[in-house]
Amino acid sequence: MKHLLEISQLSCDDVKHLLARAQFFKQNSVQDYPQYPHQTMANLFYECSTRTRISFEMAAKHLGMHVVNVDIERSSESKGEMLEDTILTLFSMGIKTFVLRHQKNGCPKAIVSALPSGLHIINAGDGAHEHPSQALLDLLTITEYKPNLDALKIVVVGDLLHSRVANSLQHLCALMGVSDLVLVAPEQWYPRTLIYGRLTSSLSEALHNADVVMTLRIQNERLQSGEFLDINHYRQQYAITQKTIAWAKPDVMVMHPGPVNRGIELDSDVADGPRSSILEQVKNGVYMRMAILDTILSKTL
Ligand code: NCD
């Protein structure tokens, strides 16, 4: 694996390797981790991020790498330099691994062909297209509690139209044979293309017998002008609350990629309650990103 650009580049065995490697990192301590002291990773984030950027940084540091956080607003791109030139400049200084978050759909895949073969690009979210490391850490979290994917009902609820998280998760559920994936949203937020699973606008129907519910953030910054959303109406129909979560199985896992709009798509008493796996997702994010970096640098796949 030279780059991680999208889930569809992976085979089922590749995913199994990444899950096993992440579990290895979770169960062992720093002295057992492979070290890459001559490697530097650059975080290139053109959109805001807390958990993704910092967990890549933590992951790299656990593996003995150096980390450079590029301050895009103060970089030469503010003087008009192209992204490819920024990467080439950093590559000339010896940086080979780039974690890229960009607002443009397909950006990481589009630039790799123009870049030298010795560098690695990891997609940390591109527009409304994909967020592969998030889907992989979500799968790691799910399989820890509910390993039989072929017997699972997973529900994804919220802004499917703008969600790169939902897109990568659909690809991954298809690849790994999740038996029932249900995507719930008001019709105005139905995705343009359904990758895997089935769509409904009924939360009660979707949550019936659900094993996992993944709540998505209402992405105000992606609502294009003219796209009206009545937040109160959304809450009444689609919020995950104590009342609506009771429609799912008693041991349902409540997940959210973060950041959470508390009291909008998800109530605090559910987000902080016993069924919530949200902080476990964050924790697993570091281990999965270690697995991704290690797999790339050790040329295992
Ligand atoms: C997501 C993202 O940025 O795509 N968050 C994350 O990376 N953990 C989801 C979101 O912003 O709603």
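Numbering of residues begins at 1 and proceeds along the displayed sequence. Just so you know, ligand 1 is whichever comes first in the structure, and atom 1 is the first atom listed for that ligand.
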Heavy-atom neighbours of [X] [atom1] exceed 12 at 6.0 Å:
{"X": "Lys26", "atom1": "NZ", "result": "yes"}
{"X": "Lys109", "atom1": "NZ", "result": "no"}
{"X": "Lys96", "atom1": "NZ", "result": "no"}

message: Strictly below 4.0 Å, N to O, side chains only: are Glu6 and Arg164 in salt-bridge contact?
response: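 A salt bridge is absent here (no side-chain N lies under 4.0 Å from a carboxylate O).
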
- request: Determine, for Asp230 against Arg235, whether the closest basic-nitrogen to carboxylate-oxygen distance falls under 4.0 angstrom.
  value: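 Not counted as a salt bridge, because no side-chain N and carboxylate O are separated by less than 4.0 Å.
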
task: Under 4.0 Å from a heavy atom of Thr52: give me the atoms of ligand 1 that qualify, with their elements.
output: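 In order of number, 6 (C), 7 (O), 8 (N).
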
field: Geometric class of the Trp189/His162 ring pair [parallel <30°, tilted 30-60°, perpendicular >60°]
entry: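 Judged by the thresholds at 30° and 60°, the geometry between His162 and Trp189 is perpendicular.
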
Backbone or side-chain N or O of [X] under 3.5 Å from ligand 1 N or O:
{"X": "Pro259", "result": "no"}
{"X": "Arg217", "result": "yes"}
{"X": "Val165", "result": "no"}
{"X": "Arg51", "result": "no"}

task: Compute the minimum heavy-atom distance from Gly125 to ligand 1 and say whether it is under 4.0 Å.
output: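 Contact absent.
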
query: Where does Glu47 meet ligand 1, judged by heavy-atom distances below 4.0 Å: at the side chain, the backbone, both, or neither?
result: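 None of Glu47 does.
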
field: For atom 7 (O) of ligand 1, the option (of Gln134, His131, Glu265) bearing the nearest heavy atom
entry: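 Nearest option to atom 7 (O) of ligand 1, by heavy atoms: His131.
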
